There are 2 protein chains.
Amino acid sequence: MSKSIEVKRQIISKCLEVFRKDGYYNTGIKKLAEACEIKQSLFYYYFESKEHLLEEILKAVHGYFARKVFNLAYQEEKSVHQRLEEMVEITREVFMRAEGGCIMANTVLEMVQEQPQFIPVIRGFFDDWIAANAHLLKERYVEKVAIEKAEQAVQDVEGGIMLMRLYNDPKYFFKALERGRRLLD
Amino acid sequence: MSKSIEVKRQIISKCLEVFRKDGYYNTGIKKLAEACEIKQSLFYYYFESKEHLLEEILKAVHGYFARKVFNLAYQEEKSVHQRLEEMVEITREVFMRAEGGCIMANTVLEMVQEQPQFIPVIRGFFDDWIAANAHLLKERYVEKVAIEKAEQAVQDVEGGIMLMRLYNDPKYFFKALERGRRLLD
DNA sequence: GTCTATATGCGGATAGAC
DNA sequence: GTCTATCCGCATATAGAC
């Protein structure tokens, strides 16, 4: 892999951390450059604008979740119980490592109204998350109910992440995961 | 009531709408002044700073919910079923009128990390909301379970508001309310 | 109380050398 | 690819007249 591509990947990774923690509008190019240990102007070699940078970050996050999390739901060689168990566990690990919660939800609440160009990628992320949950739940429930419970599980987790940040206590997030884990019991 | 107090109330009300819809950091004093139809400099007669303005807005919202929503849980002359029914209905009306979702949750995700001074007022809001729910649920469940279900209901609603904004579809929010309504069935 | 005018710094973004 | 230097506008906030 060329150095240029690798540098770009690292910029995306580091800027994801900063945006997730501090928010998009409250983060200037200067802060991003310091976090990445590069000069400000170099951003405009790798990205057209700050908005395009965010868009690439969101797409990278969607890809990461698709590969590492949502994918687990479709490993048909394993039991649905085991697949659900693994999805819950990986979801827990990913969000516990991610200071600042969920960049997708943060972006919805911070800027969807003013910057609708991010809606498609964020919807794609949640569509896939809900579909992965529903795929497992169809084993036990009719499709309509499976989808409803899949949506509810996502709502519960995202609400739990919000309360986790507010109270600085992971119990809200953990309980949401636990309720998700029990959906096939 | 003096004119000054009334003007201040109107500024708070209008700026709440703008912040909730567009976010805090993406809203400048200029935009607020235009929405309120006053000159920029007048903000600094009524408020010390933009941050103090937001703090007063959050306190006003907490007061509004305490009087109009949370209070309903403690009207002991009514049945718990009726009180829950009324709380759900008023919650529905309030958030359906509120373009931009919940300013409390928005503020948590946008700025709690960088601006911890807002944590106490936002925690006060959610503490009271959860306590009001739990007060009704104690009729049927032991305290520990009542609190857990009260927290879950709030998570569910807040996650639903996020998905409602993302998909521009109130069904996620409505279903969360419906699940809350059924907690005493 | 409300206004006009302004200070000062930071925002995103670009030009052009190396 | 990476750098230095810089443009321009908007941000928050203040001074002081009326």
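Note: hydrogens, waters and symmetry copies are ignored here, and every other heavy atom, side chains too, is used. Bear in mind that the values here come from a model prediction, so they are computed numbers and not experimental data. Reminder, nothing fancy here: chain letters follow the sequence lines and each chain counts from 1.
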Whole-Å distance separating the [atom1] atom of [X] from the [atom2] atom of [N]:
| X | N | atom1 | atom2 | result |
| --- | --- | --- | --- | --- |
| A:Lys31 | C:dG9 | NZ | P | 20 Å |
| A:Lys39 | D:dT2 | NZ | P | 13 Å |
| A:Phe43 | D:dG1 | CZ | P | 17 Å |
| A:Phe47 | D:dG1 | CZ | C1' | 14 Å |

Atom [atom1] of [X]: over 12 foreign heavy atoms under 6.0 Å:
| X | atom1 | result |
| --- | --- | --- |
| B:Lys78 | NZ | yes |
| A:Glu76 | CD | yes |
| A:Glu48 | CD | no |

Row check, B:Phe47 ring normal vs B:Lys8 NZ/CZ: under 6.0 Å, within 45°: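 Yes; both conditions hold, so B:Lys8 lies above the ring face of B:Phe47.
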Over-ring placement of A:Lys39 relative to A:Tyr45, 6.0 Å and 45° cut-offs: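 Relative to the ring axis of A:Tyr45, which defines the angle, A:Lys39 lies outside at least one limit.
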Reading 5' to 3' through nucleotides 11-18 of chain C, protein heavy-atom contacts under 4.0 Å coded B for base, S for sugar-phosphate only, - for none: -SBBB---
Distance below 4.0 Å between A:Tyr45 side-chain N/O and D:dT2 OP1 or OP2: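 False: A:Tyr45 side-chain N/O out of range (4.0 Å or more) of D:dT2 OP1/OP2.
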Partners passing side chain to side chain contact (heavy atoms under 4.5 Å, CB included) against B:Gln152 (at least two apart in sequence or in another chain):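 Residues passing side chain to side chain contact (heavy atoms under 4.5 Å, CB included) with B:Gln152: A:Gln152, A:Asp156, A:Arg179.
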Sugar-phosphate only, base, or nothing, as touched by A:Tyr46 at under 4.0 Å among non-hydrogen atoms: sugar-phosphate
